[in-house]
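Quick note: numbers below take in every heavy atom, side chains included, and nothing from hydrogens, waters or symmetry partners. Atoms within each ligand, like the ligands themselves, are counted from 1 in listed order.
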Amino acid sequence: MQSTEANPAINPETGNVLPWNPGEKPLMLAPMQGLTNRALRELFTTWVRPDVVWTEFMRVNSQSEKKLLMPGDVRECAAEENGVPLVVQLIGHGRDALVAAARTAQKAGAVHINLNMGCPYGRMTSGLTGGGMLKRPELLEEIIPALREEIRGSFSVKIRAGYDDPRQIFTLLPLFERSKVDFLVLHPRTVRQAYEGFADHAVTAEVIRQTSIPVIANGDIRSAARGLELLEKTGAAGLMLGRGGIGEPMLFERLRGRACAEPDVAERRAMLHRYLSELLPLYARLFCGDMQVLGKIKGVVSNVEDHELERELKQLKRAKNLTAFRAAVADLAP
Ligand SMILES: Cc1cc2nc3c(=O)[nH]c(=O)nc-3n(C[C@H](O)[C@H](O)[C@H](O)COP(=O)(O)O)c2cc1C
């Protein structure tokens, strides 16, 4: 959904730069731990070019002032990659640690910083983090304004609909508005729900009606038709693709109307061939040793949903070593 304008949008409420162009409904590649590493992002930013890409979450270590963020994470902090805006995502707890981590990330080059308030998997550090933050909403009253004060570029929040109540989000909107959060990414499941059931985008639509903050819709977007319907029905400011985008990168282009909305099996097979052929050398450069490369690339394959390519997908998933995996990729060649 790219516009032709080169200047980024400015949030009129905060005067902050947003990671998309004015008039654009950005299509974002979701942050996904273990998947959206810099090799995968490189492939996406040079191939289907999401309008915005995100780092995997960076853990904030509130126990050590000197090692708030891992050195490898600090090296990833940047304003953009291959000309595509990059959002740096933090996960952690404790106002002071989060603020100091945001400062470190900015010094290292980050312009767009996001707070993870959605991860459903336990305690990522020594306190309530990610979706766990929603268990103690009173703590957010000081964390969110303090982060806003520190972050000079865009400050966004990626959030579930609630911890166990899908209407909790509505109680938090006044805080986000008061604190001048630049945009929200909403995955309308509860934290307790994890990935069960479905993303209830009626909640997305209601949030959008109730707030002036731009809301990016996220959750269960696996086809161009579904994404376009969501944009139209909810009035979302943009879309974020997670599993659907990882499983089928061309979904970005299909949503833009630049690739066939319903490709036939030959086209999907050719896409998968290109995808894995191009990802293999990038993964070989980033990861150490064949087994790690194999494990990581199988993680990508597990997001591909295609009943007509079941046999080929099984072959890829069953490969015991990289040689067998490469042979299975070669079999996909048109
Ligand atoms: C394997 C995996 C890793 C994820 N890692 C992150 C993460 O690092 N940060 C985050 O905010 N969300 C993370 N998520 C959530 C996704 O960004 C997204 O919100 C969720 O998958 C719903 O979108 P989807 O239905 O398009 O996949 C992860 C999800 C999965 C399945």
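Close approach to Lys158 involves these atoms of ligand 1, each under 4.0 Å from a residue heavy atom: 10 (C), 11 (O), 12 (N), 15 (C), 16 (C), 17 (O), 18 (C), 19 (O). In the vicinity of Ala30, heavy-atom distances shorter than 4.0 Å reach the ligand 1 atoms 17 (O). Atoms of ligand 1 found under 4.0 Å from any heavy atom of Asp220 (numbered from 1 in listed order, with element): 24 (P), 25 (O), 26 (O). Listed by number with element, the atoms of ligand 1 under 4.0 angstrom from any heavy atom of Asn116 are 9 (N), 10 (C), 11 (O).
Ligand 1 has an N or O atom lying under 3.5 Å from an N or O atom of Gly242, backbone or side chain. Between Leu35 and ligand 1, no N or O atom pair is found at a separation short of 3.5 Å. Looking at Arg243 next to ligand 1, an N or O pair under 3.5 Å apart turns up.
The protein non-hydrogen atom at the shortest distance from atom 2 (C) of ligand 1 is Met32 CE, 3.9 Å. Among all non-hydrogen protein atoms, the one lying nearest atom 6 (C) of ligand 1 is Pro31 O, 3.1 Å. The protein non-hydrogen atom at the shortest distance from atom 19 (O) of ligand 1 is Asn218 OD1, 2.6 Å. Nearest non-hydrogen protein atom to atom 11 (O) of ligand 1 is Gln89 NE2, 2.8 Å. Taking atom 8 (O) of ligand 1 as the reference point, the nearest protein heavy-atom neighbour is Phe57 CD2, 3.0 Å. Nearest non-hydrogen protein atom to atom 5 (N) of ligand 1 is Gln33 N, 2.7 Å.
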Below 3.5 Å, can you tabulate the donor-acceptor pairs from side chains in residues 230-240 to any protein atom, sequence neighbours excluded?
from	atom 1	to	atom 2	distance (Å)
Lys233	NZ	Glu229	OE2	3.3
Thr234	OG1	Leu230	O	2.6
Thr234	OG1	Ala236	N	3.1

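Note: Phe183 and Trp20 have perpendicular aromatic rings, judged against thresholds of 30 and 60 degrees for the angle between ring planes.
For CD of Glu141, the number of neighbouring non-hydrogen atoms (other residues, nucleotides, ligands) closer than 6.0 Å is greater than 12.
With a 6.0 Å cutoff to the six-membered ring centre and a 45° limit on the axis angle, Arg160 counts as a cation-pi contact of Tyr195.
Asn82 and Glu42 share no side-chain donor-acceptor pair at under 3.5 Å. If you check the side chains of Asn11 and Asn16, you find no donor sitting under 3.5 Å from an acceptor. Under the 3.5 Å distance criterion, with hydrogens and angles disregarded, a donor-acceptor pair is assigned to the side chains of Thr211 and Glu177.
Residues meeting the salt bridge (charged side-chain N to carboxylate O under 4.0 Å, His left out) test with Arg318, sequence neighbours left out: none.
Ligand 1 lies within reach of Gly219, whose nearest heavy atom is under 4.0 Å from it. Proximity of Tyr195 to ligand 1 is established by a heavy-atom distance of less than 4.0 Å.
With hydrogens and angles ignored, the 3.5 Å screen pairs no side-chain donor or acceptor of Asn218 with any backbone N or O of His187.
Cluster membership for Phe170 and Ile213, using ILVMFWY side-chain heavy atoms within less than 4.5 angstrom, is shared.
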